[in-house]
Amino acid sequence: QLQFVESGGGLVQPGGSLRLSCAASGFSLNSYTVAWFRQAPGKEREGVSCITSVFGRTNNADSVKGRFTISRDTAKDTVYLQMNSLKPEDTAVYYCARQKTPVIALGCRLTGEEYDSWGQGTQVTVSS
């Protein structure tokens with residue numbers, strides 16, 4: 001059964017760091033692109049970072065470039081999001097999701113319509 005379990009969220013001060021984990025089951029990270037999305041209250045869902053199957057190529061939203069890093073451990077079927085230099089505007093529920101179709105690609109996009117199988121999310125709050 002396809003499932004994601006996100007963890008690692010919490011309350012952190014501006015400038016701090018968190019590492020989110022997304023444990024996947026029911027499919028192989030070598031077959032599907034996986035992405036992190038976030039949604040803040042009253043705002044639309046935003047793509048944050050994605051990592052492709054096979055080659056592990058990554059893409060990050062402009063709002064997090066240089067601060068967030070997506071990675072994966074295929075042996076553990078887990079995708080990570082290392083978040084540094086956090087800002088109050090990073091406050092949101094963070095979700096991981098799997099691309100709808102298995103493709104071998106050299107890049108990935110952060111378009112929500114390309115993904116399904118969303119996890120339950122983990123709350124990240126950046127506040128002093």
Side-chain angles (χ1 to χ4, degrees):
Q1 181 180 356
L2 173 60
Q3 186 177 13
F4 285 114
V5 178
E6 299 98 333
S7 62
L11 173 64
V12 63
Q13 292 187 342
S17 298
L18 282 175
R19 189 176 81 155
L20 305 183
S21 298
C22 172
S25 59
F27 73 99
S28 171
L29 296 181
N30 286 316
S31 298
Y32 288 86
T33 291
V34 173
W36 284 96
F37 288 78
R38 67 186 181 185
Q39 188 164 22
K43 295 188 176 181
E44 292 188 356
R45 183 178 60 201
E46 175 189 18
V48 177
S49 297
C50 56
I51 186 165
T52 66
S53 64
V54 181
F55 298 113
R57 298 284 180 89
T58 63
N59 184 27
N60 297 288
D62 288 343
S63 58
V64 305
K65 280 182 180 176
R67 301 189 299 122
F68 290 12
T69 302
I70 188 172
S71 63
R72 64 180 184 176
D73 184 335
T74 55
K76 296 182 179 180
D77 290 326
T78 301
V79 178
Y80 303 98
L81 186 67
Q82 178 67 45
M83 305 187 296
N84 300 326
S85 302
L86 282 161
K87 304 175 181 180
E89 52 263 43
D90 294 319
T91 296
V93 178
Y94 284 71
Y95 302 88
C96 50
R98 188 192 76 173
Q99 198 168 40
K100 290 180 180 178
T101 54
V103 294
I104 299 175
L106 296 180
C108 53
R109 299 189 298 182
L110 295 169
T111 306
E113 291 72 21
E114 296 185 10
Y115 296 85
D116 61 8
S117 306
W118 302 87
Q120 86 288 351
T122 186
Q123 175 71 48
V124 172
T125 302
V126 185
S127 175
S128 55

Excluding sequence neighbours, so at least two apart, what forms salt bridge (Lys or Arg N to Asp or Glu O under 4.0 Å) with Arg57? none

Can you list the residues that meet the salt bridge (Lys or Arg N to Asp or Glu O under 4.0 Å) rule with Lys65, with sequence neighbours excluded? Asp62

Flag yes if Leu81 and Val12 sit in one hydrophobic cluster, no otherwise; membership is Ile, Leu, Val, Met, Phe, Trp, Tyr, and two members link when side-chain heavy atoms are under 4.5 Å apart. yes

Within residues 21-41 or reaching into it, pairs that qualify as salt bridge (charged side-chain N to carboxylate O under 4.0 Å, His left out) - sequence neighbours excluded: Arg38-Glu46, Arg38-Asp90

The complete set of salt bridge (charged side-chain N to carboxylate O under 4.0 Å, His left out) pairs with one or both residues in residues 68-79, sequence neighbours excluded, reads none

Can you name the closest pair of heavy atoms from [X] and [Y] and give their distance?
| X | Y | result |
| --- | --- | --- |
| Val48 | Val64 | O-CG2, 3.7 Å |
| Thr78 | Ser21 | CG2-CB, 4.2 Å |
| Ala35 | Cys50 | CB-CB, 3.7 Å |
| Ala40 | Thr91 | CB-O, 3.5 Å |
| Ala61 | Gly47 | CB-O, 3.3 Å |

Test ring-ring contact (aromatic ring centres under 6.0 Å, His included) applied to Phe68 - qualifying residues, sequence neighbours left out: none

Just to verify, what does Tyr94 make a ring-ring contact (aromatic ring centres under 6.0 Å, His included) with, not counting sequence neighbours? none

Under 3.5 Å, which donor-acceptor pairs do the side chains of residues 95-110 form with other protein atoms, sequence neighbours left out?
| unit_1 | atom_1 | unit_2 | atom_2 | d |
| --- | --- | --- | --- | --- |
| Gln99 | OE1 | Thr33 | OG1 | 3.3 |
| Gln99 | NE2 | Glu114 | OE1 | 3.2 |
| Lys100 | NZ | Glu113 | O | 2.9 |
| Arg109 | NE | Glu114 | OE2 | 2.8 |
| Arg109 | NH2 | Glu114 | OE2 | 2.3 |

Keeping to residues at least two apart or across chains, list the ring pair (Phe, Tyr, Trp, His ring centres under 6.0 Å) pairs with something in residues 13-65. Phe4-Phe27, Phe27-Tyr32, Phe37-Tyr115, Phe37-Trp118

Starting at CD1 of Ile70, measure out to CG of Asn59 and round the result to the nearest 0.5 Å. 9.5 Å

Taking atom CG of Leu29 and atom OG1 of Thr52, what is their separation to the nearest 0.5 Å? 11.0 Å

Looking at Glu6 and Gln120, would you say the former's side chain and the latter's main chain have a donor-acceptor pair under 3.5 Å? yes

Any sub-3.5 Å donor-acceptor pair from Ser128's side-chain atoms to Gln13's backbone N or O? no

Taking only residues two or more places apart in sequence, or in another chain, which ones meet [X] in a side-chain hydrogen bond (donor to acceptor under 3.5 Å, both in side chains)?
| X | result |
| --- | --- |
| Ser53 | none |
| Thr125 | Gln123 |
| Asn84 | Ser17, Gln82 |

Compare all side-chain heavy atoms of Asn60 with those of Ser49 and state whether any distance is below 4.5 angstrom. yes

Assess the residue pair Leu20 and Met83 against the criterion (side-chain contact (heavy atoms from CB on, under 4.5 Å)); give the C-alpha distance rounded to whole Å, side-chain angles, the decisive distance to 0.1 Å, and a yes or no. CA-CA 8 Å; Leu20 305 183; Met83 305 187 296; 3.7 Å; yes

